[in-house]
2 protein chains.
Amino acid sequence: MSSPKQIPTSIASTAHNHDRCISSAMQTARQVCSRSGARMTSLRENVLRLIWQSHQPLGAYKLMDMLAAASTRRVAPPTVYRALDFLLEQGLIHRINSLNAFIGCTHPSTRHANNFLICKACGIAIEFAYQGLQTSIDQTAAEFGFSIDAQSIELIGHCANCQATGGAPQP
Amino acid sequence: MSSPKQIPTSIASTAHNHDRCISSAMQTARQVCSRSGARMTSLRENVLRLIWQSHQPLGAYKLMDMLAAASTRRVAPPTVYRALDFLLEQGLIHRINSLNAFIGCTHPSTRHANNFLICKACGIAIEFAYQGLQTSIDQTAAEFGFSIDAQSIELIGHCANCQATGGAPQP
DNA sequence: TGCGTTATGTTATATAATAACATGTTTGTA
DNA sequence: TACAAACATGTTATTATATAACATAACGCA
């Protein structure tokens, strides 16, 4: 529950051992659930792992296909959406509204702001938290007497890497 | 093309003559189009007027029904979406991603930030521009070397009015 | 007037999400 | 252990949102 200053995502910044990154996220997830008394079932765990395995936000139907491919039996939309709803409730994933897609949350224990840089070229979504920005948001709301329950900040453009390399357009 | 400091929307703040508000928006729209050499056809004008007549963001299919109701002949989705795409391109409306809905832009000539306070109780969407917030956004992007093409900031919660009155839940 | 461009009409389909009800699984407890 | 309540998943159908592809109409200028 620490307060974030600035949390650059380890995903985007450099090459890294993503397997380790995933298993760390899965372990955190189990802790979160055990604290909240929620059940981390195998379906939910599979969904979360698939989401973490992708560096790009994953759509519900893509996820559904991946689950089906892994399991011989057919998987219907509600199965996926229920797992996604659960993970959203636990703060373990975010929904990116401008993409109708989902991505793992890099700091599930802190205030659950939904702040992303989204690259149109490579499709990566970089979660960020920045105290100065949050202060401005809170001030703005306060000036309107508005009370915030949830926030979604999506900045769409080109990441540093794609600017440098010319960035292949998204498939 | 002036730089906004803070632009409270006339819609939300107080009671006002909304007819005048709409006709002013329509006139601005014609100016914007004439400057950009785009054609403000009657379909597009009808769509824009319907959007402005609603204080709440309007979905494409709702809009389609309203058009159909007004015109004896049937209206198909592409008709509406093409008009919406045009209005988005001209900066005359915004898309609110968390609602899949559209709303008139209150300051089409300034930098086209997409910043909204969205009330869960009454459904109103209040557009705002605030220099301090924009500076924080730009700083954040700069720190990641990210270049912003478009931004979407949606703060979901309860407006001052609904907090005061208890606010009827959204139909 | 005629030609190229832009806008709209039309039909079909893709994509995203939920409703409603049936079945299975876990958990605590008598 | 056996049972009931709560929770999770399966299944079928449907709703909601958006676009593709091609046909026709209107406009704007040489």
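Worth saying up front: this structure is predicted, and the values here are computed from it rather than measured. Residue numbers begin at 1 in each chain, while the letters A, B, ... track the order of the sequences.
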*Rounded to whole angstrom units, what separation is found between the CD atom of B:Glu89 and the C1' atom of C:dA7?*
13 Å

*Quick one: does A:Gln56's side chain have a donor or acceptor within less than 3.5 Å of a partner on A:Ile124's backbone?*
no

Find every protein N or O atom lying less than 3.5 Å from an N or O atom of nucleotides 13-15 of chain D, and list the pairs.
none

*Rounded to whole angstroms, how far apart are CG on A:Leu43 and P on C:dT26?*
13 Å

*Roughly, in whole Å, what's the span from CG in A:Leu88 to P in C:dT18?*
11 Å

*Does a nitrogen or oxygen in the side chain of A:Thr41 sit under 4.0 Å from OP1 or OP2 of D:dT9?*
yes

*Just by modelled atom types, is the A:Arg20 backbone N or O under 3.5 Å from a matching donor or acceptor in the A:Ser24 side chain?*
no

*Please name all residues satisfying salt bridge (Lys or Arg N to Asp or Glu O under 4.0 Å) with A:Asp149, sequence neighbours left out, ordered by chain then number.*
B:Lys120

*Is the closest side-chain heavy-atom distance between A:Arg44 and A:Arg82 below 4.5 Å?*
no

*Do A:Pro108 and A:Leu92 have side chains that get closer than 4.5 Å, going by heavy atoms?*
yes

*Might you work through the side-chain contact (heavy atoms from CB on, under 4.5 Å) test for B:Met40 and B:Leu87, ending with a clear yes or no?*
CA-CA 9 Å; B:Met40 178 54 88; B:Leu87 296 170; 4.2 Å; yes

*Tell me: CZ of A:Phe86 to C1' of C:dT18, nearest whole Å?*
20 Å

*Would you tell me whether A:Gln151 and A:Asn115 have side-chain atoms, one donor and one acceptor, within less than 3.5 Å of each other?*
yes

*Atom CG of B:Leu84 to atom P of C:dT8: distance rounded to whole Å?*
12 Å

*Compare the minimum distances between each of D:dT17, C:dT11, D:dT11 and the side chain of B:Ala76, then state the nucleotide with the smallest one.*
C:dT11

*Rounded to whole angstrom units, what separation is found between the CG atom of A:Leu99 and the C1' atom of D:dT17?*
16 Å

*With sequence neighbours excluded, what pairs up with B:Asp85 under the salt bridge (Lys or Arg N to Asp or Glu O under 4.0 Å) test?*
none

*Judged by modelled atom types alone, do A:Glu154 and A:Ser98 share a side-chain donor-acceptor pair under 3.5 Å?*
yes

_Run the salt bridge (Lys or Arg N to Asp or Glu O under 4.0 Å) test against A:Arg49 and tell me which residues pass, sequence neighbours left out._
A:Glu45

*Between C1' of C:dT15 and CZ of A:Phe102, the distance in whole Å*: 13 Å

*Measure from the ring center of A:His158 to the ring center of B:Phe146 and say whether it is less than 6.0 Å.*
no

_Tell me if the aromatic rings of A:His94 and A:Phe102 count as close, with their centers under 6.0 Å from one another._
no

_For nucleotides 25-30 of chain D, give me one character per nucleotide, 5' to 3': B if any protein heavy atom sits under 4.0 Å from the base, S if the only such contacts are to the sugar-phosphate, - if neither._
---S--

*How would you label the contact of A:Arg44 with the nucleic acid (heavy atoms, under 4.0 Å): base, sugar-phosphate, or nothing?*
sugar-phosphate

*For residues 64-75 of chain A, which residues have at least one heavy atom under 4.0 Å from DNA chain D?*
A:Arg73, A:Arg74

*Interatomic distance where NZ belongs to B:Lys62 and P belongs to D:dA16 [whole Å]*: 12 Å

*Think A:Thr79 has a side-chain N or O under 4.0 angstrom from the OP1 or OP2 of D:dG10?*
yes

*Could you say whether A:Arg82 or A:Gly59 is positioned toward the 5' end of DNA chain C, judged by the nucleotide with the nearest heavy atom to each?*
A:Gly59

*asked:* Quick test of the criterion, 5.5 Å between centres and less than 30° between planes. Is A:Tyr81 stacked on C:dT18 or not?
replied: no

